[in-house]
Amino acid sequence: MYRDHGSILFTASDGREYEIRHTSNSSRVELRVFKKNMRVNRFCYTATFQIADEFALATGGNVIDQLIRRAKSDVEHDIRLN
């Protein structure tokens with residue numbers, strides 16, 4: 001099974017630095033947000049590649065970009081649900 005991973009660093013409006021880690025396999029991608037190697041919430045932002053394709057066809061947008069935007073927004077609004 002194919003697996004890929006990486007991370008995106010970003011700074012929130014309060015100046016704190018976070019990392020969005022992403023992994024993918026042959027069927028889906030998952031994102032989680034970390035600060036200093038600790039998860040900041042229990043959310044796992046997930047989309048299958050089928051849904052990503054359907055989203056792109058329907059909206060012309062990128063569902064992965066939307067997941068990243070949502071993860072950043074949750075951090076900005078301090079949504080933890082721990």
Side-chain angles (χ1 to χ4, degrees):
M1 179 182 290
Y2 174 75
R3 291 197 71 78
D4 190 22
H5 65 279
S7 65
I8 301 163
L9 301 175
F10 75 97
T11 303
S13 60
D14 63 4
R16 294 181 184 177
E17 294 183 3
Y18 295 90
E19 176 184 18
I20 297 175
R21 296 182 186 170
H22 56 85
T23 59
S24 63
N25 60 30
S26 60
S27 63
R28 69 183 188 173
V29 63
E30 297 178 349
L31 293 86
R32 293 180 175 87
V33 182
F34 290 81
K35 179 180 176 200
K36 296 182 181 177
N37 278 334
M38 299 285 294
R39 285 182 61 180
V40 299
N41 59 33
R42 292 185 182 195
F43 293 130
C44 179
Y45 306 88
T46 305
T48 65
F49 291 118
Q50 178 180 351
I51 289 173
D53 287 344
E54 291 171 2
F55 183 84
L57 285 172
T59 67
N62 183 318
V63 75
I64 306 306
D65 290 342
Q66 295 300 317
L67 290 175
I68 292 168
R69 193 172 323 212
R70 183 68 213 207
K72 288 180 178 181
S73 175
D74 288 349
V75 168
E76 290 285 344
H77 293 96
D78 200 29
I79 298 175
R80 296 185 185 275
L81 296 180
N82 283 334

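By the side chain to side chain donor-acceptor pair (under 3.5 Å) test, Ser73 pairs with His77, sequence neighbours left out. Residues satisfying the side chain to side chain donor-acceptor pair (under 3.5 Å) criterion with Thr11, sequence neighbours excluded, are absent altogether. The ring pair (Phe, Tyr, Trp, His ring centres under 6.0 Å) test applied to Phe10 returns Tyr18, not counting sequence neighbours. Glu76 meets the side chain to side chain contact (heavy atoms under 4.5 Å, CB included) test with Ala12, Ser13; sequence neighbours excluded. Remark: Asp65 engages no residue in a side chain to side chain donor-acceptor pair (under 3.5 Å) (not counting sequence neighbours). Contacts of Arg28 classified as salt bridge (Lys or Arg N to Asp or Glu O under 4.0 Å), with partners at least two apart in sequence or in another chain: Glu30. Shown here are the side chain to side chain donor-acceptor pair (under 3.5 Å) partners of Ser7, two or more places apart in sequence or in another chain: Glu19.
Residues Val40 and Val75 meet the side-chain proximity criterion, which asks for heavy atoms closer than 4.5 Å.
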*Would you sort out whether Ile64 and Val29 count as a side chain to side chain contact (heavy atoms under 4.5 Å, CB included), showing the intermediate values?*
CA-CA 8 Å; Ile64 306 306; Val29 63; 3.0 Å; yes
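The only option from His22, Arg39, Arg42 that meets the side chain to side chain contact (heavy atoms under 4.5 Å, CB included) definition with Arg32 turns out to be Arg39.
Here the closest heavy-atom approach between residue Asn41 and residue Tyr45 is recorded as ND2-OH, 3.6 Å.
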For residues 49-56, tabulate all N or O donor-acceptor pairs below 3.5 Å that involve a side-chain atom, not counting sequence neighbours.
unit_1	atom_1	unit_2	atom_2	d
Gln50	NE2	Glu54	OE2	3.1

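Atoms NZ and CD1, from Lys72 and Ile20 in turn, are 5.5 Å apart once rounded to the nearest 0.5 Å. How far CD1 of Ile68 is from CD1 of Ile8: 3.5 Å, rounded to the nearest 0.5 Å.
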